[in-house]
Structures are given as structure tokens and as C-alpha cells.
Amino acid sequence: MEMYHLRYFVTVAEELNFSQAARKLHMAASPLSQRIKNLEHELGQQLFRRSTHRVELTEAGAALLPIARDVLERFNAIPWRLREAVGPQRRTVLVGVPAALHPDLRARLQELEERCRDSYDLKRWPGTTGDLVTEVHDGRLGLALVRLPVADPALHVAEVLTEPLGAVLPAGQFAGRASVRLADLADMAYVPGPGDSLPASFDKIDTELREAGVRKRVKMPRTDYAGVAEMVSSGLGFSISMLDPESPIHRYSLGDIVVLPFDDFAPQLVTGLIWRRDRAREGAELHRLIEQASAVFGIESDISPV
């Protein structure tokens, strides 16, 4: 049995779908299925009940899941626990940041860097929320600012900023308007943001738009926020983005688009600060850093003794 067998097993157990698990693991479904069969053969236990439409954990699979998670947690913790044991007095710590981070949060990160300069050398590490959550969980990042929601019991999650969102529209079609209603957009196509960087909260926004009668969608090419602005500017549809003109997302704006608030819809983008709970405990590697981060961002730290 290899560690990757357990990683594959946990992913399938969480997804209960071999195709979805394979995509998450960046591999094909057929070899993933074979690896699970190899694990079942070695353990002498059937771990999943498979049918055409459904995958379920067997009693043995349900019993193995918490054991496998615990083993993976301990394995993934080896690098940062070793650094904690033998590392230098002043540690380099990577802090994850998402795209289009609000200037207020960037200023707080700079304050945190100054406060902790004697003990930590903080370096910013960009990424999507999904990647940043994984890297904090696995110990490669000490902290991260991410787009909420995030559900991981190993992580402490604290909200630090809520940004109202508005409709990004072709300026010519909405000249003189101070706001917009969902009914005004019913005949337009919704242009979502770049798929790799789009927060999970936008899935809910997409559902709410459909329920309100906005049913057309533009299938996105591989592009960035500048590409979305081009599509809106050309009249292909509308998008949703931050209202605050101070948001760096407005660097991608064009002269012939406008961002208007909704009269009957209140979409929001919530940013949170996350860290591993066990790395924040008194005496742990990041205890002082997380104490300072909690003060800088004005949040409850949930720091508990070992």
C-alpha cells in the first residue's frame, strides 16, 4: 500500500463519483478505478459499492475513511512539523492571496509584515481559492486570504471583508442609469468570470440569476478579466463584479462599460483569512504570527493551548 492509494480512496469517498474524483486528482477515471481495486485486494475488503448510477461506501469503506484521513493529515504535516523542530529563529512564511485583493486587505498584510518582521519573513503567494485552501491545509502556506465559503474542519476561517457586487454592463445601453433591476437583464446573456479564478460563491449567484429569469449564458473561452471586459464592451452580455471603484478589478475596465448596483439583488463577495488550527496553538510554529494577524484584521483567533 502506498500513500497515493489512501489519497485516491479519500477523494473518491468524498466525491462518491469516480469521474469527478479523477478530475480532482488530474487523472483518468479508468486508472483511478484500478488503483481502488488494487487497494481493496490488498486490504481484503470491498470499500465501495458501484452501480451504473451510484457509488456508495461499504461498511469497511466508512470505517477506513477517518483512518485514511488521519494518516494523510500526519503525512502532509511532516514538512512544517520538521521546520518547526529545526527551523531558524526567523522563518519564511508564505501567505496566500487571491486575484483582485482589495487595497484595504493589502494594506493590512503590509502592516502584518511590519509587526512580525523580527520573527517571520512573510512572502505573498498568489492562487485561486481552491488551490490556496489545499496549500494551507497541507502546510505549504501559513495563512491565506481566500474567497468564502470554505468548509474544512482542520482550518480556522474568519471573515475579514464583505464587498458588494454590481452588474458590469455596456455603457451605451445603460446611459444615465444609476442602478439596474434583474428584469432589465432578462434578455441579456450572463458572462461569468474566468473559470479558474471564479469563487465558489458565484455558483450561487448563477443559480439566483437563473431563478430570476436570466437564463442565457456565454460560454467562456480561456481568458482573464480583461477578456470578460471585452465581451461586455462588445455587447455580448453582462457580468458581475465588485462595485467599489478602489477594487483592483477595475484596472481591467474599459471606457465603454459601467458597473451599476442592483435595486432588487444583493450579491456579495466575502473574503476570509484561514489557517490550520493546530499551527496556531500556543507554542506552535505560527502561534505569534496568528496572534498578530488576528489583531491586524480585527478577528477572533480561536487560539487554544496545546
Side-chain angles (χ1 to χ4, degrees), residues 7 10-11 14-15 17 19-27 72 76 79-80 93-106 108-109 112 122-165 168 190-207 209 217-231 239-242 244 247-253 267-276 279 293 297:
R7 197 177 305 280
V10 169
T11 304
E14 290 175 344
E15 298 293 330
N17 183 297
S19 296
Q20 291 177 12
R23 283 195 293 272
K24 192 171 183 179
L25 292 163
H26 306 291
M27 64 187 299
L72 289 172
N76 291 334
W80 67 262
V93 178
L94 299 178
V95 179
V97 293
L101 187 66
H102 194 280
D104 287 353
L105 296 181
R106 192 170 295 280
R108 293 189 197 185
L109 275 182
L112 180 62
L122 301 187
K123 302 293 185 184
R124 296 171 207 167
W125 188 265
T128 64
T129 284
D131 289 341
L132 296 177
V133 168
T134 298
E135 288 165 356
V136 171
H137 183 107
D138 291 348
R140 293 189 291 273
L141 302 182
L143 307 168
L145 288 160
V146 297
R147 308 307 190 185
L148 302 185
V150 168
D152 184 333
L155 304 182
H156 180 78
V157 182
E159 292 186 14
V160 294
L161 184 68
T162 298
E163 298 177 70
L165 302 175
V168 185
Y190 172 50
V191 184
D196 290 344
S197 59
L198 202 61
S201 57
F202 274 66
D203 292 340
K204 181 182 177 183
I205 290 173
D206 188 284
T207 299
L209 289 173
R217 298 292 181 274
V218 173
K219 187 175 181 180
M220 289 289 295
R222 292 184 65 84
T223 186
D224 57 11
Y225 289 104
V228 174
E230 290 287 359
M231 297 176 82
S239 190
I240 289 181
S241 188
M242 295 79 150
D244 189 345
S247 172
I249 200 70
H250 290 283
R251 296 172 188 165
Y252 299 100
S253 184
Q268 297 177 327
L269 181 67
V270 183
T271 302
L273 183 66
I274 64 171
W275 61 78
R276 278 191 65 111
R279 301 187 79 180
F297 286 92

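Between the side chain of Arg124 and the main chain of Arg106, no donor-acceptor pair closer than 3.5 Å is present. A donor-acceptor pair is defined here as one N or O able to donate and one able to accept, closer than 3.5 Å; such a pair exists between the side chain of Asp152 and the backbone of Ala154.
Between Leu161 atom CG and Leu273 atom CG the span is 12.0 Å, to the nearest 0.5 Å. Distance CD/Glu14 to CD/Gln20: 12.5 Å, rounded to 0.5 Å. Summarising the geometry, atom CG belonging to Leu148 is positioned 8.5 Å from atom CD1 belonging to Ile274; distances are rounded to the nearest 0.5 Å.
Annotation: side chain of Tyr225 is not in contact with side chain of Val168 (no heavy-atom distance under 4.5 Å). Contact check for Val93 versus Leu143: no side-chain heavy atoms found under the 4.5 Å cut-off. With a 4.5 Å cut-off on side-chain heavy atoms, Glu159 and Thr271 do not count as touching. Between Gln268 and Glu163, the closest side-chain pair of non-hydrogen atoms is not below 4.5 Å. Within the 4.5 Å cutoff, side-chain heavy atoms of Leu109 are placed close to those of Leu101. Side-chain contact between Leu165 and Met242: present, with at least one pair of heavy atoms (C-beta onward) separated by less than 4.5 Å. Residues Arg140 and Thr134 have side chains in contact (heavy-atom distance under 4.5 Å, counting atoms from C-beta outward).
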Please report the C-alpha distance between Leu72 and Arg7 in whole Å, then the side-chain angles of each, then the deciding distance to 0.1 Å, and finally whether the side-chain contact (heavy atoms from CB on, under 4.5 Å) criterion is met. CA-CA 7 Å; Leu72 289 172; Arg7 197 177 305 280; 4.1 Å; yes
Under the side-chain contact (heavy atoms from CB on, under 4.5 Å) rule, what do Arg276 and Leu155 come out as? Steps first, then yes or no, please. CA-CA 4 Å; Arg276 278 191 65 111; Leu155 304 182; 3.8 Å; yes
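With sequence neighbours excluded, no residue forms a side-chain hydrogen bond (donor to acceptor under 3.5 Å, both in side chains) with Arg23. Checked against ring pair (Phe, Tyr, Trp, His ring centres under 6.0 Å), Tyr190 has the following partners two or more places apart in sequence or in another chain: Phe238.
Annotation for Ala144 and Val136: closest pair CB-CG2, 3.6 Å, computed over non-hydrogen atoms. Closest of all the heavy-atom pairs between Pro98 and Leu145 is CD-O, 3.0 Å. In terms of heavy-atom proximity, Arg108 sits nearest to Phe297 at NH1-O, 3.3 Å. Among all heavy-atom pairs drawn from Arg279 and Leu141, the shortest one is NH1-O, 3.4 Å.
Side chain to side chain, Ser247 and Asp244 fail the donor-acceptor criterion of an N or O pair below 3.5 Å.
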Would you be so kind as to tabulate the donor-acceptor pairs closer than 3.5 Å made by side chains of residues 198-207, with sequence neighbours excluded?
residue	atom	partner	partner atom	Å
Asp206	OD1	Arg210	NE	3.3
Asp206	OD1	Arg217	NH2	3.4
Asp206	OD2	Arg217	NE	3.0
Thr207	OG1	Asp203	O	3.1

